[in-house]
Structures are given as C-alpha cells and as structure tokens.
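Residue numbers begin at 1 in each chain, while the letters A, B, ... track the order of the sequences. Everything numeric in this text was worked out from a predicted model, so none of it was measured. Computed over heavy atoms, backbone and side chain alike; hydrogens, waters and symmetry mates excluded.
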There are 2 protein chains.
Amino acid sequence: MIGRALRLLDAFDAERRELTLSELARRADMPLSTAHRLLNEFCAWGAVERNDKGLYRIGLRLWELGSLAPRGPGLRETALPFLEDLSLITRENVQLAVREGTEVVFVERIAGSGAVPVLTRVGGRFALTATGVGLVLLAHAPAEVQEDVLGSPIDRYTANTVTDPSRLRRMLADTRSNGFSISDRQVTMDSLSVGAPIRDRHGAVIAAVSLVVRHGSTTAHALAPLVRTSGQAISRALSA
Amino acid sequence: MIGRALRLLDAFDAERRELTLSELARRADMPLSTAHRLLNEFCAWGAVERNDKGLYRIGLRLWELGSLAPRGPGLRETALPFLEDLSLITRENVQLAVREGTEVVFVERIAGSGAVPVLTRVGGRFALTATGVGLVLLAHAPAEVQEDVLGSPIDRYTANTVTDPSRLRRMLADTRSNGFSISDRQVTMDSLSVGAPIRDRHGAVIAAVSLVVRHGSTTAHALAPLVRTSGQAISRALSA
DNA sequence: GCGGGCTTTCCGGAAAATGGAAGCTGTTAG
DNA sequence: CTAACAGCTTCCATTTTCCGGAAAGCCCGC
C-alpha cells in the first residue's frame, strides 16, 4: 500500500520542513516502527534525507523529480525574465501560477522590494475564486471545473471576498472580455491583485501572471495594461 | 516494498517526461500489471498524472513536495535576484548548484541572451570534478567525500578534462586559496566556467554560483571578481 | 473487420508489510 | 551519580497486501 507511504510525505509542509520520527508518525497516524521503516526506504532512495540532528526532511532527489513536472513546457524558465522585468519596473510582488483541479498552484513568485507581504508561497495552493491569477485560470477553465467550483460553497477570506456564484460568473465574464482580472481585497484587506492569462501556441490558457500591490497604492486599471502585456509577452515567448 | 514503486518514478527523466505504461514498465523492469497498479496509486495521490493521450507524467503534487526540499534555507529565492544581475551584466549563462553526495545538482540556471548553449538543466546532476560549481563544491566538501571522488576513476568529457587525482588536488587547493574555480574546456571544448562559493552564516560552503562562457570570448580571470563578488553578495543576503 | 499493440481487470499463491514489544540512546531532574 | 523519561531503533511472528500471469477489453491502422 503506497498510499500509506505517501501520507508520510504529506506530513511535510511549508511550516514544517524538518520533522522528527515521532512527529511524522503522529501526523501520518501510523505506528512509529512502521514510519521508521518507510522513512528508511525513502532515505535509501533519496526521497527524504536526515539532517545532522536526525530530523527528516524532503530530499533533493524528490526536488529533481518534481522539476520534471509539466508546468507547461518550460513555462517557468521562459516566464522568469519577464517576471523579473515586471518586478523591477513596479517594485511589487509578481506571481506565476497554474491551475490544478479546482485550485491555484503558485509556480513562481518574486517579492517586490517594498511590497505588501503576500501569504502565498512557491509550491503553495489556493482557492481559484479569490486571487487575481485564480480568477484568470477559472475564467478559462473547462465548463465542468467552473460548475464544480461555483456549485460548491466558496471560501471567504475577507469582508470583500466575493462568494456569490452569480456575481462571480459576472467577474469571470469580465475577466474573459477584458483580458485581465481584478481581485480587490478578496484575500487580505490591504492587498489587491491584477491577473492576466498566459496562453500556449493554440491560444489555450495554461497559466496566469499577476501583480499584487497594496490596496490604495495604485488603481487596478493602471496596472492592467502592464500585466496584460507581460502575459502576452510570455505567451509569445512560449510559442517561439 | 517502496523501492520498487520509486524505481518507476526513476524512469522519468529530462528527455522522457511523458511515458506510456509499457515504456514505464520496461524501463523499471516490472510486469505491466504491476506498473499499472502502482501508477494508479500514484495518480490517486497526485504524484503522477495522465495527459489527454493517456501518457503518464510527473504530477504537480510531486513538484510541490519537491519545492519543500532544503536547498539551503531559501537559497534559490535569495540568490535569484543576484543571478539575474549577473546575467544582465554579462549576458552569459549563470548557474546555481549544491552538492549531493559525490555529484553536483543544479538548482537554478539562467540562460544568457547570446550565450553558449550549455548542457546542464535545472534539477540535473553532474560529476563534481569537471564544472566550475563542481570544483568549488568539491574543494569545500568533507575530506571523506574528496577522498571518495579522487579515489574513484574520474569521468572524462573532453581532451581537457582533468582526470589526474594529484592535479585535481592542486586545482582544489587553488580554488580554496583563490576563492574561485576555473573549469577550462573540461565539459565541452567550447565552454569555460568560473565558479565561486556561497556560504552560510557560519562560513560553511553550502552552494556555488558560476558563469559559463564561450571559450576565448573572455578570460577566466576577468570573470573571477564578478563571480566571487556575486557569491559573497548571496552569502551575505543569506545570513541577513 | 481483423490483427497487433497497448491498457485494464482478475485472482490465488507467495512474499512483504505490519506493529507490539523490548532494547538503546541521549537528556533532564532529583 | 543515577533514575526516570522520551524518542529512536531493532526484532519477529502474524497476516494482510502485493505480485504478476493470463485473459479480456480497447483502439488504431490496414
């Protein structure tokens, strides 16, 4: 049963990157001896490693494997220079994300020099409904996914989070027709994000880029052309 | 037996990111039915996924997990802006790598605009003995690792690759005293790389940065101060 | 519509995982 | 100094689970 072994790896997260055997066993809800044996096997293969204190952590081998994951063909590498440009010009937070199922997965994130602290993390997940990138990805997701998301209760993060399905539908329609999305204080009350689509050579939306700025510092509509242009530039580079 | 399941994941590599069931079974040397069942379990968990054609590939979930791997605390994120700077200034290839066992693992790589094509890849591995980053990492590795590497036959890539242990020892000593390493046409006959160490707050070398340029375009000694400075800047940023 | 390659399902035998318990190690307290 | 403790590692009999051959689907291209 491999699922059990994978539960162990699930025990790791951004806050807890290094765990003791007992913590792992507790979090994965299995006897210590079992956890111990499984971890030894993972160690032997390089999926996890132990630091000098004996704590377990995710191994480089797993990172290598993960870097083979298809986040578009070379998406991150291609997009990186454009994201840096955006970051240099605006000095704000830039994010690159893809959709997986009914969630956003953040693929790259560049922290602006004097920007709002933002709670997402590379490799992190978030609901599709609240963020700038999420709205873009949802707006261009298969109908099935949209129905699934809009049909389920929608997480609220702030007083501004839009949780009404019909209002969301309108926002998605706007996003499609405008070519950019706006998430105004939907995630935290002091931030606002503007997202734009990134398309493959066939025009299908495969990722999204966004700027996250402090609410009030700039208007969303001032940022939109910048983000849109960036998304288009990345799309073009991907097709080349 | 988890090792068997992991062998299956090993079948993926940079060239073969999407594989059929039969290919996977063949490469991992196991019966189709076994491979099939294991892959189903992996799919259920998100470690692998299937594209529209039914081909298997590494899943985003695995990428997420991998991004928790300790490549130094925030090494990649911290170093990225400095690497971009180097790349902008020189328009050459910039690489960031760590050591794992007796190999180099490339953690980040920025392709210069008009630079030599370089055969390494983010997430890729290479011998410690040939590259600029490798020499730095080997020069500051525990004695045990050095003996292990220098005591085994050393891979040759070009006519220039240094394979003589005593000559390598001298190069490592130079690397330590100079604060940078030079790999002159040791990997390919048209490239040269200059590496410098990145240290943690205790002064221990945890990573290396390098510039890879076309042989003859610049002298290594002209690049060295640039790379060294960059390495030191990253070290400082890491300690902050 | 038929042949070949690929994928999926099934099931009895066999092998490998399980987890309780006991021994170990290093740490803190008395 | 040693005793209690918490976490780590090893052991082994039990039994669950995985293994993989075989056969049945499923698609294509011919």
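With sequence neighbours excluded, the residues forming a side chain to side chain contact (heavy atoms under 4.5 Å, CB included) with Arg17(A) are Arg121(A), Leu68(B), listed by chain and number. Residues passing the ring-ring contact (aromatic ring centres under 6.0 Å, His included) test with Tyr157(A), sequence neighbours excluded: Phe126(A). For Ser166(B), the side chain to side chain contact (heavy atoms under 4.5 Å, CB included) partners at least two apart in sequence or on another chain are Asp164(B), Arg170(B). Here Val162(A) pairs with Arg167(A), Leu168(A), Met171(A), Gln186(A) under the side chain to side chain contact (heavy atoms under 4.5 Å, CB included) rule; sequence neighbours left out. A search for side chain to side chain donor-acceptor pair (under 3.5 Å) contacts involving Glu100(B) returns Arg125(B), not counting sequence neighbours.
As judged by a 4.0 angstrom heavy-atom cut-off over every strand, Arg50(A) is placed among residues touching the sugar-phosphate backbone only.
Residue Ser22(A) places no side-chain N or O under 4.0 Å from the OP1 or OP2 atom of dA6(D). Contact between the side-chain N/O atoms of His36(B) and the OP1/OP2 oxygens of dT7(C) is not found at any separation under 4.0 Å.
Mapping Ile2(A) and Asn40(A) onto DNA chain D by nearest heavy atom places Asn40(A) closer to the 5' end of the strand.
Between Leu8(B) and Met30(B) the shortest side-chain heavy-atom distance falls below 4.5 Å.
Counting only residues at least two apart or on different chains, no salt bridge (charged side-chain N to carboxylate O under 4.0 Å, His left out) pair has a member in residues 196-207 of chain B. For residues 41-54 of chain A, the set of pairs meeting the salt bridge (charged side-chain N to carboxylate O under 4.0 Å, His left out) definition, not counting sequence neighbours, comprises Arg37(A)-Glu41(A), Glu49(A)-Arg57(A).
In this structure, Leu39(A) places its CG atom 16 Å from P of dG7(D), rounding to the nearest Å. Between the P atom of dC19(D) and the CG atom of Asp29(B) lies a distance of 14 Å, rounded to the nearest Å. Distance, Leu21(A) CG to dC8(D) P: 5 Å, rounded to whole Å. In this structure, OH of Tyr56(B) is placed 14 Å from P of dC6(C), rounded to the nearest angstrom. Spacing between atom CZ of Arg7(B) and atom C1' of dG20(D) amounts to 14 Å, rounded to whole angstrom units. Spacing between atom NZ of Lys53(A) and atom C1' of dG7(D) amounts to 16 Å, rounded to whole angstrom units. Atom CG of Leu55(B) is separated from atom P of dG5(C) by 18 Å (rounded to the nearest Å). The interatomic distance linking Leu32(B) (CG) with dC10(C) (P) rounds to 17 Å, in whole Å.
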N/O contacts under 3.5 Å, protein versus nucleotides 19-25 of chain C?
unit_1: dG19(C); atom_1: OP2; unit_2: Arg4(A); atom_2: NH1; d: 3.0
unit_1: dG19(C); atom_1: OP2; unit_2: Thr34(A); atom_2: OG1; d: 3.3
unit_1: dG19(C); atom_1: N7; unit_2: Ser33(A); atom_2: OG; d: 3.0
unit_1: dG20(C); atom_1: O6; unit_2: Ser33(A); atom_2: OG; d: 3.1

Kindly give the atom pairs (protein nitrogen or oxygen, nucleotide nitrogen or oxygen) under 3.5 Å for nucleotides 25-30 of chain D.
none

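A salt bridge is absent between Arg169(B) and Asp174(B): the closest approach of a Lys/Arg side-chain nitrogen to an acidic carboxylate oxygen does not fall below 4.0 angstrom.
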